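First the structure, in the form of structure tokens, and then the observations on it.
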Amino acid sequence: MSSPVSSSESSSFERLHPEVQQWVWSQGWTSLRDAQEWAVPALVGADRDVIIAASTAAGKTEAAFLPILTNLLNNSEPAGAVLYISPLKALINDQWDRLSRLCERLELPVVAWHGDVAASKKQRFLKSPKGILLITPESLEALFVNRGSSLPEAFQNLRYIVVDELHAFIGSERGKQLQSLMQRVESVVGRALPRVGLSATLGEMSLARKFLRPARADDITVIESKSSGQELQVQVRGYMEQPMQQLVAEYLGHASADDGADKEDTSGTKAAIAGHLYKVLRGHNNLIFPNRRQEVEWFADRLRSLCENDGVPNEFWPHHGSLSKELRQDAERALKAGDPPASAVCTTTLELGIDIGNIRTVAQIGCPPSVASLRQRLGRSGRRPGEPAMLRAYCRERPLTDQSDLSDQLREGLVQTIAMIRLLTTGWFEPPRSGGLHASTLVQQCLSSIAQLGGASVVQLWGSLIASGSFASVTKPDFLALLKGMGEKELIVQDSSGLLLPGELGERLINHYEFYTAFTSDEEFRLLLDGKSLGSLPVSKPLTKGQRIIFGGRRWQVQDVDLEAKVIVVTPARGGEPPQFDGLGAQVDDRVRLEMRNVLMETTSCPFLDKHAQALLEEARSNFRALGLGDAAIIGSASVSHVATWRGDYTNDALALLLMHVGIQCENTGLFLKVAFGGEDTLRALRVVGQMDISDVEPVLENVENMIREKWDWALPRSLLMKTFASSHLDLQAAVNTARLLSLES
DNA sequence: GACCTGCTGCGGCATG
């Protein structure tokens, strides 16, 4: 038999099990891809941890599973099993299809296990725990809680743990949960299991290593596929909103903030953008990202009616997290089929790995949330060889008045978009914030471990959760304070022998299915003005009394924060017009802000802008010079100053807190710190902050009212809450360094 | 005023 893949060319192919080789032949593959080639020697012996980083089209799944299945077939007594963990149910369903076809002839079962899978199918794996188990972190958590005593049997023949879309876990409380679960699986089987991470988007490999195996990150074998060097075509288009007076008039017409965003104020510009999308996108498969669900709905509706008006079949489908599964699947099916042409108007739901076919253009309306996200979105486009990835970005700006905010004067949205695209083309994207403590998830893991084992001692919990490396930065006093706090809140009780058991509240929470997720939806605060509700607001910035916030297109001052009732009492604040650009609520990285300064300082034109965008950029640059921002970091009057740090939000948020700590009223508005003092006082305060010792976060965070972010934060002792908050949301050291630099330069 | 992800066990009833 002559084979398309010959053993003389590939020693890796030769090492695959004959049945696996048969499958490769049956696919008609002429060779193994580079990642697949390298993965065989790394994985076939099941003796080390491996990260496979390769673009979506490079066959990562096969790279991992061809050698893994070879190992299972070569050593079939006792029959081995693989634990595959995925962040998405949809991805599990996709992979189940692929792996089932691969495993058909190998007589290895492939079992999908997530919330939509029937209990009877799950039983199949428990009765005969072999083959591949595809599972979510939450379902794995549920196994620990509900079947703790049967896990040693179910897991005893595990040979590998595979984590798909590794990047999606790094830096979040869900990622912490996953790390802890992997550790607990190994603890159940009594030995380390090879961990295999798969991803397309891993920037700094050291972070991915540290995530996959915190205690032995340096021993991990990394397989990085050569990038395709794909061509990128970009156009940024600028659009001008209607004059400001109309907005003000309309605002006064209806003061309630939560009914407003889609009135006539911006729809003229939006209609122009929709018209352009319709013209250039129809006839192909595309993805359109307007950043917000509400906007997704608006554009999907507008594009559909444009089709109807022209008497042509609709090609535009909405897709976001609030839509039913059925509606989302309609959009996914239309994209996958690709004929007739179909485009999705979507949120981040279509960023991750599920297979949606070949995409021609990615349209970004408004600023992308991050370079990493933009990169992920573009990874969906131009995936056929020789086809470029195409990005069309649409930026809206407002006419300037003498009341305009600095953000508008500097065309923040446009400039940030340009900066992000430039960084993207250099290959840079934001590293995940992997240093978060996520003490919230430690509370969950304590309760889960207690449920799994039917009670656990303090020493046991310390060993399996903290000494094991999952929550390595938690100190002994912190851990004891955490357990004490959990006792006070009736989450746990201690019996006479010292064993920790679920308390009354703990029992109730553990036995509800909500327990299995480590994350929760954003806490929303209601804004009250004179006892009347202005609407509700998910609060992502640290909040102190007296601080100013923007809501519903107006400025407010915080008078009181009630954490229990989730209410913020406000009064109107004076000041100019609030800016157009709201930064999406995403945290901007230091590097992006520095690049924004570069964009503003340069004088050469930018090749990928249309003429309107180019004119807006020229305007921003001339305002930048007129404001003196080329030379000075602090501008303003005797009573108000603006500090341009050109740093990201983790740094700026921290610097704002430090300035307030030394008595300077201050807020982080994104591009600037707005300070309620003149330049001289501000400079003096920066000098003080530049000399601060921030090794103890407690004094600095003393007055922050809203540090509760993650699911179990409410159960933490205040000192640990401060540490966990600072670790995930602030860059205090960078703030001190920035203050020192600014005070030296000025 | 970003966005997204995920979820058990068991009783009761109908059906083959």
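Sequence lines set the chain letters: A, B, ... in the order given, protein chains first and strands last, and positions in each chain run from 1. Just so you know, these numbers come straight off a predicted model, no measurement behind them.
At B/dG9, one or more side-chain N or O atoms of A/R147 fall inside 4.0 Å of OP1 or OP2 (strictly under the cut-off). Close to B/dT5, at under 4.0 Å from its OP1 or OP2, lies a side-chain N or O of A/R328. OP1 and OP2 of B/dG9 both lie 4.0 Å or more from every side-chain N or O belonging to A/K122. The phosphate of B/dC3 has OP1 or OP2 within less than 4.0 Å of a side-chain N or O from A/R293.
Residues A/D116 and A/G321 each lie close to DNA chain B; by heavy-atom proximity, the contact nearer the 5' end of the strand is made by A/G321.
Rounded to whole Å, atom P of B/dC3 lies 18 Å from atom CD of A/E430. The CH2-C1' distance, from A/W113 to B/dT8, rounds to 10 Å in whole Å. Counting to the nearest Å, the C1' atom of B/dC3 and the CG atom of A/L374 are 15 Å from each other. Rounded to an integer number of Å, the gap from A/L178 CG to B/dT5 C1' is 13 Å. The CD atom of A/E514 sits 13 Å away from the P atom of B/dC7 (whole-angstrom rounding). Rounded to whole Å, atom P of B/dT8 lies 9 Å from atom CG of A/L143. Taking atom CD of A/Q177 as the reference point, atom P of B/dG6 lies 12 Å away to the nearest angstrom. What separates CG of A/L447 from P of B/dT8 is a distance of 18 Å, to the nearest Å.
For A/R184 and A/F144, the positive end sits near the middle of the six-membered ring, less than 6.0 Å away and at most 45° from its axis. Taking the ring axis of A/F289 as reference, the NZ or CZ atom of A/R377 stays within 45° of it and closer than 6.0 Å to the ring centre.
A/H512 comes within contact range of no nucleotide atom at all, as no heavy-atom separation falls under 4.0 Å. Backbone-only engagement by A/S139 is indicated by non-hydrogen atom pairs under 4.0 Å involving sugar-phosphate atoms exclusively. Within 4.0 Å (heavy atoms only), A/R377 reaches no atom of the nucleic acid at all. If you check every strand for non-hydrogen atoms under 4.0 Å, A/K711 touches nothing.
Between A/D330 and A/R333 there is a salt bridge, since at least one side-chain N of the basic residue sits less than 4.0 Å from a carboxylate O of the acidic one. Taking a cutoff of 4.0 Å between a charged side-chain nitrogen and a carboxylate oxygen, A/K176 and A/E710 do not qualify as a salt bridge. Taking the charged nitrogens against the carboxylate oxygens, A/E173 and A/R709 have no contact shorter than 4.0 Å, which rules out a salt bridge.
Ring geometry for A/F515 against A/W712 counts as perpendicular: the plane angle is over 60°, on a 0 to 90° scale with 30° as the lower cut.
Side chain of A/A142, nearest nucleotide from B/dA2, B/dT8, B/dC7: B/dT8. The side chain of A/F519 sits closest to B/dT5 out of B/dC4, B/dC7, B/dT5. The side chain of A/H320 has B/dC4 as its nearest neighbour among B/dA2, B/dG6, B/dC4. The side chain of A/T349 lies closest to B/dC4, out of B/dC4, B/dC7, B/dG9. Picking from B/dC3, B/dG6, B/dC7 the nucleotide with the shortest atom distance to the side chain of A/T348 gives B/dC3. The A/T517 side chain lies nearest to B/dG6 when the options are B/dG9, B/dA2, B/dG6. In the set B/dA2, B/dG9, B/dT5, the nucleotide with an atom closest to the side chain of A/N146 is B/dG9. Nearest to the side-chain atoms of A/T136 among the listed nucleotides B/dT8, B/dG6, B/dA2 stands B/dG6. Closest approach to the A/T347 side chain among B/dC4, B/dT5, B/dT8 is made by B/dC4 (side chain taken as heavy atoms from C-beta onward).
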